[in-house]
Structure formats: C-alpha cells, structure tokens
Novice: 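Pasting in a structure now, in structure tokens, and then I'll have a few things to ask.
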Amino acid sequence: SFYKNLLSNIRIIMQDNSRWVPLESSPAWDGNTAYRNFIGLFNSNYFLAIINYSDSQSQCYLHLNLNGIRSRNALFKDLLSSAEYMRNSEEIAERGFYLDIPPYGFHLFKITGVD
C-alpha cells in the first residue's frame with residue numbers, strides 16, 4: 001500500500017511540470033552538524049521532498065520560499081504518512097522550517113496556507 005500511495009502521488013506531482021530546486025539547510029543549534037545529512041527539494045506548487053540520508057537522527061532548519069502562501073500559518077501535510085505540521089509562515093521566513101527526522105527518514109509534503 002505504501003508504494004501504491006507513493007506512485008499515485010508521484011503521478012500527480014509530475015503532471016504539474018514544475019521545476020524542482022534544491023534547498024539549503026542550516027544547523028538546528030550551534031555545533032549541530034546533522035544539517036549536512038539532508039537533501040531537500042521544493043517546487044513552485046508547494047511540494048517539498050526531504051530525506052535524512054544518514055544512519056543517525058538528524059535535525060536542521062530548511063530554508064524555503066513560501067511567499068505565495070499569504071496565510072498566517074502553513075500546513076505541511078505528508079502525502080506518504082499521517083504526519084501533519086502547522087507552522088507560522090513568518091517564523092519559517094525568518095528562521096526556516098525545523099525538521100527532526102530519524103535515520104533514512106523522509107517526507108513528501110504538500111504545503112497549504114491556513115488562517
């Protein structure tokens with residue numbers, strides 16, 4: 001069922017022909033080098049793919065542009081699991097989107113605005 005869900009979501013994402021851009025991550029706190037363990041991709045239709053490609057729990061702030069979402073809050077809904085995160089859009093613009101992901105963990109988020 002996981003792969004069926006994955007393929008279904010990939011088909012939807014690929015139909016929009018948006019260009020995916022790599023994202024920059026930064027340390028979650030001073031001295032934490034785990035931010036180097038992430039690969040993040042983002043497209044203009046507010047899909048975010050993120051993976052922790054290491055064998056250790058890792059944290060980072062991911063820098064993404066949510067200017068098109070003109071809401072106080074952004075909802076990050078994982079298309080591959082039941083995970084959902086509500087975050088303040090202004091905080092994301094200033095600091096980034098905080099992530100704490102287990103070894104080899106991943107998310108495929110659809111981001112929408114929520115007031």
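As a basis for the values below, the full set of heavy atoms in this structure was taken, side chains included, without hydrogen atoms, waters or symmetry mates.
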Novice: Could you state the interatomic distance from CZ (Phe38) to CD (Glu24), rounded to the nearest 0.5 Å?
Specialist: 14.0 Å
Novice: Is there a donor-acceptor contact under 3.5 Å linking the side chains of Ser26 and His63?
Specialist: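 The criterion, which ignores hydrogens and geometry beyond distance, is satisfied for His63 and Ser26.
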Novice: Assigning hydrophobic clusters by single linkage (Ile, Leu, Val, Met, Phe, Trp, Tyr; side-chain heavy-atom cutoff under 4.5 Å), is Leu75 placed with Ile69?
Specialist: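 No.
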Novice: Please report the C-alpha distance between Tyr85 and Phe76 in whole Å, then the side-chain angles of each, then the deciding distance to 0.1 Å, and finally whether the ring pair (Phe, Tyr, Trp, His ring centres under 6.0 Å) criterion is met.
Specialist: CA-CA 5 Å; Tyr85 305 101; Phe76 291 73; 7.8 Å; no
Novice: Find the distance between CG (Leu64) and CG (Leu23) and round it off to the nearest 0.5 Å.
Specialist: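 Reported value, rounded in 0.5 Å steps: 6.0 Å.
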Novice: Ignoring hydrogens and angles, write down the donor-acceptor pairs under 3.5 Å from the side chains of residues 96-105, residues two or more places apart or on other chains.
Specialist:
| unit_1 | atom_1 | unit_2 | atom_2 | d |
| --- | --- | --- | --- | --- |
| Asp100 | OD1 | Gln57 | NE2 | 2.6 |
| Asp100 | OD1 | Gln59 | NE2 | 3.3 |

Novice: Kindly work out whether a path of hydrophobic side-chain contacts (I/L/V/M/F/W/Y, heavy atoms less than 4.5 Å apart) joins Leu79 to Val114.
Specialist: no
Novice: Please report the interatomic distance CG(Asn88) to CD(Glu94), rounded to the nearest 0.5 Å.
Specialist: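 Asn88 CG to Glu94 CD: 8.0 Å, rounded to 0.5 Å.
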Novice: Are a donor atom and an acceptor atom from the side chains of Ser54 and Asn52 found within less than 3.5 Å of each other?
Specialist: yes
Novice: Shared ILVMFWY cluster between Trp20 and Tyr53, side chains joined below 4.5 angstrom?
Specialist: yes
Novice: Give the cluster check for Leu48 versus Tyr61: same hydrophobic cluster or not, with ILVMFWY residues linked at side-chain heavy-atom distances below 4.5 Å.
Specialist: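 Hydrophobic grouping puts Leu48 apart from Tyr61.
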Novice: What closest approach, in Å, do Ile92 and Arg87 show between heavy atoms, and which atom pair accounts for it?
Specialist: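 Shortest heavy-atom separation between Ile92 and Arg87 comes out as CD1-CB, 3.6 Å.
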Novice: For the residue pair Tyr46 and Asn67, what are the closest heavy atoms and their distance?
Specialist: OH-C, 4.3 Å
Novice: First locate atom SG of Cys60, then atom CG of Asn37, and finally report the distance between them rounded to the nearest 0.5 Å.
Specialist: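 That separation rounds to 9.0 Å.
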Novice: Looking only at heavy atoms, what is the nearest atom pair of Trp29 and Asn32, with distance?
Specialist: CZ2-ND2, 2.8 Å
Novice: Decide yes or no for Ile39 and Ile50: does some side-chain heavy atom of the first lie under 4.5 Å from some side-chain heavy atom of the second?
Specialist: no
Novice: Taking side chain as C-beta onward, heavy atoms only, is Leu41 less than 4.5 Å from Phe47?
Specialist: no
Novice: Pairing donors with acceptors under 3.5 angstrom, does anything connect the side chains of Asn43 and Asn45?
Specialist: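 No, because no side-chain N or O of Asn43 sits under 3.5 Å from a partner of the opposite role on Asn45.
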Novice: Measuring from atom NZ of Lys77 to atom CG of Leu108, what distance do you get when rounded to the nearest 0.5 angstrom?
Specialist: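 Nearest 0.5 Å value for the NZ-CG distance: 11.5 Å.
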Novice: Output yes when a side-chain donor or acceptor of Asp115 lies under 3.5 Å from a complementary backbone atom of Arg72, and no otherwise.
Specialist: yes
Novice: Which distance, rounded to the nearest 0.5 Å, do you find between the CG of Asn73 and the CD of Glu90?
Specialist: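 Going from CG on Asn73 over to CD on Glu90, the span is 10.5 Å.
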Novice: Should the ring pair Phe109 and His107 be called parallel, tilted or perpendicular, given that the plane angle runs from 0 to 90° and is split at 30 and 60?
Specialist: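 It falls in the parallel class, under 30°.
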Novice: Just so I know, are the side chains of Leu66 and Phe42 near enough to count as touching, which here means a heavy-atom distance under 4.5 Å?
Specialist: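 They are in side-chain contact.
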